[in-house]
Amino acid sequence: MGKEGVEDWRRKQQDHELNNRIVKVHRGNGNFEETKWKNIKVGDVIKVEKDNFFPADMILLSSNYPDGICYVETMNLDGETNLKIKQALEVTSDLQENIKFREVRQTIKCEDPNANLYSFVGSMEWKGQRHPLSPQQLLLRDSKLRNTDYIYGAVIFTGHDTKVMQNATDPPSKRSKIEKKMDKIIYLLMSSLLMIALLGSVFFGIWTKEDLRDGEVKRWYLRPDATTIFYDPKRAALASFFHLLTALMLYSYFIPISLYISIEMVKLLQALFINQDIEMYHEESDKPTHARTSNLNEELGMVDTILSDKTGTLTCNMMEFIKCSIAGTAYGQGVTEVERAMAMRKGARLDDNIENGDHKNKKIDDSPHVKGFNFKDPRIMDGNWIHEPNRDMIRDFFRLLAICHTCIAEVDETGKVSYEAESPDEAAFVIAARELGFEFYKRSPATIIIRERDPSRDVVEKRKYDLLNILEFSSSRKRMSVIVKEPEGRILLLSKGADSVMFKRLAPNGRKFEDNTRRHINEYSDSGLRTLVLAYRVLDEKDYKEFNENLNVAKTSVSADRDEKVEQAADSIERHLILLGATAVEDKLQKGVPECIDRLAQAGIKIWVLTGDKMETAINIGFACSLLRQGMTQIIVTLEQPDIIALEKNGDKLSIAKASKQRVMDQIEDGIKQIPPSTPISTTSFALIIDGKSLTYALEDDVKFKFLDLAIKCASVICCRSSPKQKALVTRLVKQVTHKVTLAIGDGANDVGMLQEADIGVGISGAEGMQAVMASDVAVAQFRFLERLLLVHGHWCYRRISVMIFCNSDLLIIFWGLMCRYAISSTRMLLLVSLSFCTKHLHLSPGSQLIMIGSCHSIMFSSLLFPSLLWECLTRMCLLGCAYSILSSTKKESKIYYSVGVGYLAGCLMVL
């Protein structure tokens, strides 16, 4: 309680510090005064300066930049460390001085408070005109202003109405199985204590009331005349009540309260050992392992199933551009880790394979390594792409990479350009374009400037593109597009996205290289690479104007379906595309991942990987990290089958759902039949692989138990294309049905649900921010540290806690034995009985047993001097003998103590 009180006080202090931060608020006539956060109200206009947090949800009005943009860090909201661009409406972007707010009057209408961080519907009435508001103008509380001197904003939500507070939930209470079991034992002991005290008090009152014989007290030796209430036959009821209170106090030794304190102290020390372990310190990131709670230390040694994310957890989440397919031709001679693992499985030398293949004439490149760029191909590099037959398409390909993104370019004093990107993939794309002669140099809300190297003239030219529209990426769209106007006057739609949506949008005359591109994408997926398809479209003025009008109408809508209308408008223009090619980036495995997974598997721990990647990529990553091994039978559950695909084309949702569910059930039942029952092969030679569509049906109530039955019989499970919600549901299913300890590990905001559902949540403090770490129980810097955390610290913590509870308590037994050896009164007798119950499951040494038996006989001998205690002593000795028969480590000792108990029971019957 003291520790929790200190923690509560610290939280209160943090809240107090947060609520009393200072921000400048407009108080009229262009005057801004410093005000505490807690005094901010809806409708206030506030000024936030560089590197400060936003105190409320606000609408961006202007910034120190003329075009009204600002850079925001949202790490506290979604865990992402990259900067995001926000832009004010053009009509308010000129409000760049305090004095300009003297006569500002505006009306903002917006949606009710909700928890959605990525959507916002509203409008602003400014000088009689209504302007649409979007998430692009929304500044959320707990975001941080970066790379911008100051901004002005209008407050729309404060306090618990802000989106970050709407998303706040009480973290789940996690307690170890040992603590839960101890609680049950304590409840049982408390019930027994109350029952014994109550029963004893009732009999005490009865015997006290019947203590008179011919006007004289029968139990004269109790000296009732020396007491006021006790042993007074005339006040037996009151004496019985006071006896109850006395018994509760005397029998309080029945409850081992000190054990809780001892366990808490031991756990705090164990957490300190984990935090100070130098072998779990990551020097590169300067991040040690941190046990955020000490309640689950021993659970680390009881883990049965690990559920892991892939990107950023098993891999580094540091993408490298390694291969590409342009105009049906594959470029890039790099070798991925998955390809190396595949070659090792086949027993072939990878270098020989390369020499016998297309890469025979590759030359050694001693150029320094560029982070995010691992592309090697002399046909493209050093401007040699100009000699390729499809050089125009190659040029358009890399121009698209340099333009179609939301990255921010930062130029230092030396002229070197660095990039802030929303994802590692985008950073890899712009770096690749830069290294190959198409450098993204600068952007503004209306323009994008790239510096393009012309190999024929060996000069660098600046090309300025007018940025007309950005159609942002979303999980439902699975693509991103920009509409730009070239210096030559053409209007281009540049698009990149997943192959599952991009190939459907190609024009008949844009499919020239589709077959080759599909083949290359499959090869890249087999090599464990992440792929995107690139395409473009030339727009005429009429088509663009019509689209832009529809898009503006959709954006100005204040209805709840505004996002759907915007997507429909974007969908109408993202058609009739011309295929350019595909990119392939590699997310390298973290150091030591295969060895760690192999040792955890040897320890009997099952490992599940829940990833959003395609099945082919996930399978090959599984082989690379030793999750899948040679000779392991793969049970694949998928809906990518001809009959299901044909049904999906017809569009009958009911029949699709029914057929899909039946197909999933059939595949699961076939998989169960493949695994022989109750044989060692069933846990070592099978792996289950299931895609996201199938997982949707597998998690339904009437299917999930069959799915789990199949999954727990497999040594490894891979769930592909799984959403954050599916990750959490799978974790909950494993935990609730198997009743074994589950551990979830992830690094991003999309893993928070999984970490909170598991018995133990481990967050990786990687490139995706601290969201997963803040929701975790233990924070590590690398996946490989999980081996030492579980197999060393988990084992030690579990063993030491168990030994402390069930240890050899010789000194304790000797102390109580000596104390009870000279016991005469019933009080010390009760202490001995308490001892017999509290030492359950203790393995007593012969010396301790001898002292205890001697003590019991001494008590019996002492009780002969006082016959009234004989019944009580015999009863207790009977219970003590039975208890020892349970505690005994051998059948022989058990029989001896059982005989002792029966003997004392016979004595009781003789007394009766």
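In this chain, residues are counted from 1 in sequence order. What you see below is based on every heavy atom in this structure, not just the backbone, and it leaves out hydrogens, waters and symmetry mates.
With a 4.5 Å cut-off on side-chain heavy atoms, Leu139 and Lys86 count as touching. The side-chain heavy atoms of Leu789 and Asp277, taken from C-beta on, include no pair separated by under 4.5 Å.
Between the side chains of His282 and Ser285, at least one donor-acceptor pair of N or O atoms lies under 3.5 Å.
Here Lys591 pairs with nothing under the side chain to side chain donor-acceptor pair (under 3.5 Å) rule; sequence neighbours left out. With sequence neighbours left out, Phe321 forms a ring pair (Phe, Tyr, Trp, His ring centres under 6.0 Å) with Phe375.
If you take CD1 on Ile689 and OG on Ser694, they are separated by 12.0 Å, rounding to the nearest 0.5 Å.
Within the 3.5 Å criterion, the main-chain N or O of Lys267 finds a donor-acceptor partner in the side chain of Asn297. Here the side chain of Ser527 pairs no donor or acceptor atom with the backbone of Leu529 at under 3.5 angstrom.
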Salt bridge (charged side-chain N to carboxylate O under 4.0 Å, His left out) between Lys174 and Asp777, intermediate numbers included:
CA-CA 9 Å; Lys174 295 184 179 181; Asp777 304 303; 2.9 Å; yes
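Considering all non-hydrogen atoms of both residues, Val773 and Arg292 come closest at O-NE, 3.2 Å.
Cation-pi geometry between Arg479 and Phe473 is not met at under 6.0 angstrom from the ring centre and within 45 degrees of the axis.
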Show which side-chain atoms of residues 778-787 pair as donor or acceptor with protein atoms under 3.5 Å away, not counting sequence neighbours.
unit_1, atom_1, unit_2, atom_2, d
Gln782, OE1, Arg784, NH1, 3.2
Glu787, OE1, Arg599, NH1, 3.2

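Remark: of the listed residues Lys727, Arg732, Gln736, Arg732 is the sole one forming a side chain to side chain donor-acceptor pair (under 3.5 Å) with Glu757.
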